[in-house]
Structure formats: structure tokens, C-alpha cells
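Residues: numbered from 1 along the sequence shown. What you see below is based on every heavy atom in this structure, not just the backbone, and it leaves out hydrogens, waters and symmetry mates.
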Amino acid sequence: MRINISKTKIKDPFVLKVQELSGQNLLACYQCGKCSAGCPAISQMDILPNQIIRFAQLGFKNELIRSKSIWICESCMTCNTRCPKGINIAEVIEAIRQILLRQRQDHVQIEKLTNEEKEDVPVIALVSSFRKFTS
Ligand code: SF4
Ligand code: SF4
């Protein structure tokens, strides 16, 4: 992947919004990787949790909003407990999801699921999907 770093990107309103919604200081991360090493969902992710933080630090908005990982994260908080800098990574990921959901961009379109698919989906997943509309 070709990486272009710029001052404009780092000061992008998207970065500031992620920090505001998550309440986290993104610049505290020093990329130790402990969050990713403990993540149970990592095999399904296209960007690792530590990379999500790094991309957010650098204002890589497009890479983040196109990422599968922000929807794969199951908010188990394991990463939060492992971070030596006290960063709540799960909240950062949730903040990115919230920005997209407020723009009505969701990963799962409940209304497009067939009845057969709805029967197979765990109830908690449906409840979770509906809760996104009220948060
Ligand atoms: S554990 Fe914390 S400091 Fe280490 S890479 Fe993850 S977010 Fe950064
Ligand atoms: S909260 Fe998300 S990113 Fe963190 S360990 Fe759990 S699944 Fe992985």
C-alpha cells in the first residue's frame, strides 16, 4: 500500500471527530501491537487494531471507512485491557462506526435480509443492529 502522509490529513476533521467521540488521545499510541496480539477477531480483519489506531492518527479516513475490520470488531474490550498506554481501542473503532452510521452507512442492511437469513441470525446480532439506529 502506498502511504501519503500530510499535515492536512493529520488535522482532518475526521480525526478530530474520532477523538471527540471516543474520548481517546490517538497520539498516545506507540504501536507496540499488544492490542492486535490479543484480538480474538483478528483472523477476519483486513486492518489490525493497532493499524486502525495508526491510520486514525494519520488521518487515513478512506482506508478506515472502507475497512471491514471496523464492522468485524465485536467490542470485546480485550484490546483495551492490554494497551500499556490506556487507550480504549474499542471506543475508537466504535467512534468510526458511529460516524458512518450517522451518515446512514451501515454494514448490514436488515431490511434486505431474507426471512430465511433472519431466522439464522443470532437474536443478539439483530438487537445490536437495531440499537445502532438509536445511539
Ligand atoms: S496496545 Fe495501545 S499503544 Fe500498543 S499498538 Fe495498541 S493502541 Fe497502540
Ligand atoms: S474490541 Fe474489537 S479490536 Fe478490540 S480485541 Fe475485541 S474484537 Fe479486537
Side-chain angles (χ1 to χ4, degrees):
M1 180 190 300
R2 185 170 172 180
I3 306 280
N4 290 319
I5 299 173
S6 73
K7 203 198 272 184
T8 316
K9 271 190 170 183
I10 290 170
K11 292 185 182 289
D12 190 283
F14 174 78
V15 177
L16 301 179
K17 196 69 186 172
V18 170
Q19 291 202 125
E20 181 194 333
L21 288 177
S22 67
Q24 304 304 304
N25 175 13
L26 297 172
L27 294 178
C29 170
Y30 59 4
Q31 290 293 296
C32 68
K34 282 192 73 174
C35 49
S36 298
C39 174
I42 207 156
S43 64
Q44 305 301 313
M45 292 185 171
D46 51 359
I47 300 176
L48 308 183
N50 68 296
Q51 291 176 312
I52 291 175
I53 302 298
R54 190 67 175 143
F55 283 9
Q57 284 175 334
L58 298 174
F60 286 10
K61 177 180 170 180
N62 291 334
E63 287 78 359
L64 287 170
I65 62 179
R66 288 191 202 121
S67 160
K68 193 171 74 163
S69 301
I70 60 168
W71 303 106
I72 294 293
C73 168
E74 29 193 74
S75 300
C76 69
M77 315 292 177
T78 304
C79 49
N80 295 0
T81 64
R82 291 173 61 90
C83 179
K85 297 294 286 183
I87 302 167
N88 289 339
I89 299 102
E91 279 76 356
V92 173
I93 297 172
E94 173 66 12
I96 299 167
R97 280 196 300 259
Q98 283 302 320
I99 291 170
L100 291 176
L101 289 167
R102 288 174 185 185
Q103 297 167 358
R104 290 284 170 206
Q105 297 179 50
D106 200 348
H107 185 59
V108 177
Q109 307 291 327
I110 297 175
E111 65 276 13
K112 291 186 181 163
L113 295 179
T114 64
N115 286 340
E116 291 73 29
E117 286 169 329
K118 284 179 194 153
E119 281 174 13
D120 282 344
V121 174
V123 173
I124 189 67
L126 286 176
V127 172
S128 172
S129 291
F130 279 117
R131 273 175 50 197
K132 290 174 188 170
F133 293 114
T134 57
S135 61

Is there a side-chain contact between [X] and [Y] (heavy atoms, below 4.5 Å)?
X	Y	answer
Asn50	Cys29	no
Cys73	Glu94	no
Lys61	Ile99	no
Trp71	Leu100	yes

With hydrophobic residues grouped by side-chain heavy-atom distances under 4.5 Å, do Ile93 and Ile65 end up in a single group?
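Linked, Ile93 and Ile65 end up in one cluster.
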Which atom names give the shortest non-hydrogen contact between [X] and [Y], and what distance separates them?
X	Y	answer
Ile52	Ser69	CD1-CB, 3.9 Å
Ala28	Lys85	O-CE, 3.0 Å
Ile72	Gln44	CG2-CB, 3.7 Å
Pro49	Met45	CD-SD, 3.9 Å

Polar side-chain atom of Thr78 near backbone of Cys39 as donor-acceptor pair, under 3.5 Å:
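Checked: no pair found.
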Please round to the nearest 0.5 Å and tell me the distance separating atom CZ of Arg66 and atom CD1 of Ile47.
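Reported to 0.5 Å precision, the distance equals 10.0 Å.
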From CD (Gln31) to CD (Gln57), nearest 0.5 Å:
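One gets 6.0 Å once the value is rounded to the nearest 0.5 Å.
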Side chains of Gln51 and Arg54 only: does a donor on one sit below 3.5 Å from an acceptor on the other?
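Absent: no donor and acceptor within the cut-off.
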For residues 18-28, which residue pairs pass the salt bridge (Lys or Arg N to Asp or Glu O under 4.0 Å) check, not counting sequence neighbours?
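As it turns out, the salt bridge (Lys or Arg N to Asp or Glu O under 4.0 Å) pairs with a partner in residues 18-28, which skip direct neighbours, are Lys17-Glu20.
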Stepwise side-chain contact (heavy atoms from CB on, under 4.5 Å) test for Leu21 and Arg102:
CA-CA 12 Å; Leu21 288 177; Arg102 288 174 185 185; 3.6 Å; yes
